[in-house]
Structure formats: C-alpha cells, structure tokens
> 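Please find one structure pasted underneath; my questions will follow.
One is the number of the first residue; the rest follow in order along the sequence.
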Amino acid sequence: MRLDHLSFAAGPDGLAATAQRIGGLLGTDFVDGGVHPRFGTRNMILPMSDDTYLEIVEVLDHPASDKAPFGQAVRARSALGGGWLGWVVAVDDISVVERRLGRESVKGNRHRPDRTELLWRQIGVHGLISDPQLPFFVQWESPADLHPSAGADERWSLACLEIAGDPRRVSEWLGETVEAPLEDVKVDWVAPHGTPGIIAAQVQTPQGLVRI
C-alpha cells in the first residue's frame, strides 16, 4: 500500500486554466492526461518523484459523469469553486479491500493523447464523497512504465500533506495504520472536528517549498 496520487478539481475557469495557474506556482507544466470515458472526466497531470503524481481533473458534459461516483465527486467539488478532491492509495491486490468494504471494485481506464490506454480498478469513492479525509484505492493493471508518474523530474516531490481529519478514522478505513502508505510523506493532521479533507499540499520544487 502506498500513496499513488492527489486529485484537485478544476475551478470555474476550467481544466487548462487551473493547470496553468498551479503549474505557474510550481514552476513547471502539467501535461494532458486524457479522458476517463467510464467516469465522464478528463485530467492533466504532473509526474513527481517516488512514483506519485498530481492530477487536476474536470468533469465532462457526458452521461457517465452523472452516473459514476468519481464523476459526481468531481462535479460537486468544482461546483464549490474547485480545490482539493482527495488522495489515492495504490494496492497490489484490491480484492483484499473489496472483502473488507463488502463490495466490488470498478474498472477504470484513461485514453492518453497518444492513444495509449491506461487500465486500473478502483474502489472507495463513495467513502471519499461521504468523508473527504478518506482516500480511495486503485490497483493498476497497466505496466509500471505506463504509470502516470513515469518520466518524472525528481526535483518535484510531495513533501507534506495537510489533512483535516482523524488519523484513527483513516487507519480504520485503510485496514492498517495510516503511516503505511504515507511513510515517505509528512502529514499534518489539523482541525479534527472541522470539515474533513485535504487542506493543502506542500511540494518541493527547484525554487523551494510551495504550498498549494
């Protein structure tokens, strides 16, 4: 189990403008990640060190976005002005999570602009919707060299996550201590009785630490 990526919902100015704004803060460019046809969304990504990446995601005017939980989550966050959507944990065997949560994972796929298709399974988005401090889970089915973090410039890395929430609640959801997927990332748990979810991420860049 490890931290896979962070998701940020585009604001009212749209995906490209949001990516340009955050990329400007970080001193680098996001790249077009492509469309998630099953979820009615599309993204732009920033590969980072330690097999992690940052995605900015936008809901499409597509029937799938009204039916798929992920599309619903993105639409709701964007409707509030955009911002941090959640964090995602990668697992080697998602059937373990399926048994613990008592439901099946769903297939996910994304078509990159070069027509390469990425494949994975995911579960737990309903948990994210009801309690945004909770991550959802993915198991990648595509080869490791196609992971969105591939080709990252190691000078960009996730240094710290600020999460409003209760680490005990998150550990219960993960089925193991919350430190397991976050062993290389510092986490500040703040406002345990406030609105839960990611408050900010601190990214190490060549120009220093940037808080988003």
> Taking only Lys NZ, Arg NE, NH1 and NH2, and the carboxylate oxygens of Asp or Glu, determine whether E162 and R211 approach each other closer than 4.0 Å.
yes
> Any carboxylate oxygen within less than 4.0 angstrom of a Lys/Arg side-chain nitrogen, looking at R169 and D131?
yes
> Are any of the side-chain heavy atoms of V57 and F39 separated by less than 4.5 Å?
no
> Taking atom types as modelled, find out whether D4 and W140 have a side-chain donor-acceptor pair closer than 3.5 angstrom.
yes
> Look at the side chain of R100 and the backbone N and O of W173, then say whether any donor-acceptor pair between them is shorter than 3.5 Å.
yes
> Quick check on the hydrophobic clustering: are V88 and L158 connected, directly or via other members, by side-chain heavy-atom contacts under 4.5 Å?
no
> Counting neighbours of NE2 on H126 that are heavy atoms of other residues, nucleotides or ligands and sit closer than 6.0 Å, is the number greater than 12?
no
> If only side-chain N and O atoms count, and only distance matters, is there a donor-acceptor pair under 3.5 Å linking Q122 with S105?
no
> Would a 4.5 Å heavy-atom cut-off, applied to side chains only, mark P206 and W156 as touching?
yes
> Does a sphere of radius 6.0 Å around CZ in R103 hold more than 12 heavy atoms from other residues, nucleotides or ligands, not counting ones at 6.0 Å or beyond?
yes
> Let me check something: do L6 and L134 share a hydrophobic cluster, defined by ILVMFWY side-chain heavy atoms less than 4.5 Å apart, either directly or through other members?
yes
> With no hydrogens and no angle check, just 3.5 Å: does a side-chain donor-acceptor pair link H5 and T52?
no
> Hey, what else clusters with L80 if you join Ile, Leu, Val, Met, Phe, Trp, Tyr whenever side-chain heavy atoms sit under 4.5 Å?
none
> Heavy atoms, side chains only, cut-off 4.5 Å: are V91 and V138 in contact?
no
